[in-house]
2 protein chains.
Amino acid sequence: MARRVKTPPQPHSGLDARKATILEAVVVEHIDTAQPVGSSSVAHNADLAVSPATVRTEMVALEREGYLAQPHTSAGRVPTDKGYRYFVDHLKAGELGLAQQQQIKEFFSHVRGEMEEVLEQTSTLLSHLTSYTSVVVGSAHSRSTILNVQLVNLDAHHHLLVTVFSDGTVTKHSVLAAFEASHVEVTEASRQLNALLIGTTLDAVVQVPSRADTIAKLVRESVSVLHAESPTLEGEQVYIGGSSRVAEVFDGVETVRKVLAILEQELLVVSLVEDILGKGVSVAIGSEHGFEPLSSCAVIVAPVSLDGETIGAVGLLGPTRMKYPEVMAAAEAVSHHLTRHFGGEDERG
Amino acid sequence: MARRVKTPPQPHSGLDARKATILEAVVVEHIDTAQPVGSSSVAHNADLAVSPATVRTEMVALEREGYLAQPHTSAGRVPTDKGYRYFVDHLKAGELGLAQQQQIKEFFSHVRGEMEEVLEQTSTLLSHLTSYTSVVVGSAHSRSTILNVQLVNLDAHHHLLVTVFSDGTVTKHSVLAAFEASHVEVTEASRQLNALLIGTTLDAVVQVPSRADTIAKLVRESVSVLHAESPTLEGEQVYIGGSSRVAEVFDGVETVRKVLAILEQELLVVSLVEDILGKGVSVAIGSEHGFEPLSSCAVIVAPVSLDGETIGAVGLLGPTRMKYPEVMAAAEAVSHHLTRHFGGEDERG
DNA sequence: GTTAGCACTCGGTAAAATCGAGTGCTAACA
DNA sequence: TGTTAGCACTCGATTTTACCGAGTGCTAAC
């Protein structure tokens, strides 16, 4: 699924302390106000003991180096993607508001149910916490082994193949047979399927009986249906929370439309998240991810793991001028809680 | 203000032929242009052999009777909800474009897979067909009987209860036991559960064994987990297609936000659709459904049935000035095809 | 009942005027 | 050499004004 190479964060050259302070001040204020930031407010705001004029000369330099941009002459400065990147890279560990910590704790102490439900509710939680749109991805189970298979007959021709995997996921597949099969035959086929499949993974090839009787045909049909499962499509669940936030945090109908259109395509969302996914909390700003229609967005992703393996991810999507510290902290906190939730004392969905 | 002779408000039925023609012309043009419609364009457009002045007098009457409204003096007229209602009620059977008929046929001849997937893809189809946001609801299965139950153990304490219903749906529930249970015990519990539950419905109470051994405890735990299932929440699937359309067809960020926020809440959507659901294609315009935040929307709903019973619905959501004829035709066509698809020759998900 | 004629209304648009935040530059200063 | 005050200048945003014209309601004639 993940195709593109991730661009490693540029090792930023210089930027002496004062330039860094100024850049940070610009980013912070612009995130807050959504307006271009002028030299005087920076001079006041940050505890630089310098005049606006000095700030201005520094800003010219920052602009030349690509950290800031000017919407037009005689306007304040606005951070570029590169500016945000610097800001994010030099962020000290974000702090999460007490209220939000409380909310997370509360949520995870009360939540219960299957993994699917937990993930779905988590996406709602995340969007409430951050007021951005959230994306929660539960990864595919193609590596899991089969714990149990059951062929259930609906009527003479229609059967349902229900498969339980070791990671707790369950799939069902219709098996439509051209021939009639009795209840007894289906039960026997079910038994044989279990003998064949238990312990194997989906992509493992199994030896199917070549006999021509009803039972063998049922078994063959079932196995082939199971193998036909597209490994990419199935099992990769996507839960999107707070899509209405898109209309709040982006301006411009066209942008809103584009972002919503992307969110509709779950496959795209999955690959986007997986591209960005790194070891800890990862951020893709503006054009850093390859998705042109999302060039005005920033995406924050944190992994969720079980037994050391990444089994999913939580993500947040907002404008490039999003509240990075809080949102990154929230993503990290939730990803931690989720990891503990699935790995730990509780049921494993 | 000059007081005129009061004419008692006409009961809905009235509207002589000419008024009806004028109203229809206004509705059609306003749906097309989104602009207030003036008397002269109506006089031209509709094949009335009358002058704009006459149209104007009629419009005054239509306004007095509540079918039309004026955004402000010296602007054209705009249909009210009542106006749209009249239009819809007096619509002759809508005709569907050939291209769209083709698209539907194509879709249903190729689509396959479980009901869930079909419904999901249908929602995408609908939104493509109509360029509005679509809602597809698959109704709950609480009335179905249980065909098969399987208790699978993940490890000593975690088990998974997988239930197959006669309508082809499958549910899973985690069963977390405080005590250890062996593979053999779980298998036996599974067997007993099948004996107990096959053929019953979810809300039927079953006699559970009162013994204190591991197997009996597993059985009791499983049955209670199954009964704990909220009958409203489970099984009622909602698929929303083309939510990005919201940003296209509504104007005003606030409206977009509100509509998206509603769509996020699946329960609300289900109850909205079920409220509107009638025998054939039903329409709710503006404030006709009780949802205040959707007062600028119209919703079109058509039922999907299996064996004479309603098992779901397809819906379309757009602004009150939506293209009723086409959209109603599309909803009807798709609902028909779906009904046939599930009832007929194909697999039944 | 219908229509032409007409004065009137009022939102929308465009041109003009104004404002002011913010800039870049220069010259003086530590 | 780096910093700063001073200053002229820029240019988007806002307000003001003027104006157009689509569309109306009314009236008087057909």
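Because the structure is a prediction, the values reported are computed rather than measured. So you know, we letter chains A, B, ... as the sequences are listed, proteins then strands, and number each from 1.
- For the pair A/L272 and A/L268, the minimum side-chain heavy-atom distance is 4.5 Å or more.
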* **Derivation and outcome, side chain to side chain contact (heavy atoms under 4.5 Å, CB included), residues A/Y239 and A/L126** => CA-CA 11 Å; A/Y239 305 96; A/L126 266 171; over 6 Å; no

* Stepwise side-chain hydrogen bond (donor to acceptor under 3.5 Å, both in side chains) check, A/E29 with A/S41 -> CA-CA 9 Å; A/E29 183 169 337; A/S41 68; 3.2 Å; yes

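- Applying the side chain to side chain donor-acceptor pair (under 3.5 Å) test to B/S51 and every residue at least two apart in sequence or in another chain returns B/T54.
- Between A/Y67 and A/Y86, the ring-plane angle classifies as perpendicular under the 30° and 60° cut-offs.
- Identified under the side-chain hydrogen bond (donor to acceptor under 3.5 Å, both in side chains) test for residues 319-334 of chain B, with sequence neighbours left out: none.
- With sequence neighbours excluded, no residue forms a ring-ring contact (aromatic ring centres under 6.0 Å, His included) with A/F87.
- For the pair B/P71/B/V78, a side-chain contact is recorded, criterion being any heavy-atom separation below 4.5 Å from C-beta on.
- Between A/E58 atom CD and D/dT1 atom P there is a gap of 16 Å when expressed in whole angstrom units.
- For DNA chain D, each stem of at least three Watson-Crick or G-U pairs (distances under 3.5 Å) is given as range with range: C:1-30 with D:1-30.
- Rounded to whole Å, the distance from CZ on A/R18 to P on D/dT4 is 8 Å.
- Backbone-only contact: A/A49 has heavy atoms under 4.0 Å from sugar-phosphate atoms and none from a base.
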* Could you please spell out the steps behind the side chain to side chain contact (heavy atoms under 4.5 Å, CB included) verdict for B/R18 and B/V50? => CA-CA 10 Å; B/R18 196 168 67 184; B/V50 294; 3.8 Å; yes

* Structure fact -> With B for base contact, S for sugar-phosphate-only contact and - for none (protein heavy atoms under 4.0 Å), nucleotides 22-30 of chain C reads SBBB-----

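- The one candidate from B/E264, B/K258, B/Q265, B/R257 that meets the side-chain hydrogen bond (donor to acceptor under 3.5 Å, both in side chains) condition with A/S244 is B/E264.
- For B/L48 and C/dT3, the CG to C1' distance is 15 Å, given to the nearest whole Å.
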Are there any protein N/O atoms within less than 3.5 Å of an N/O atom in nucleotides 28-30 of chain D, and if so, which ones and at what distance?
none

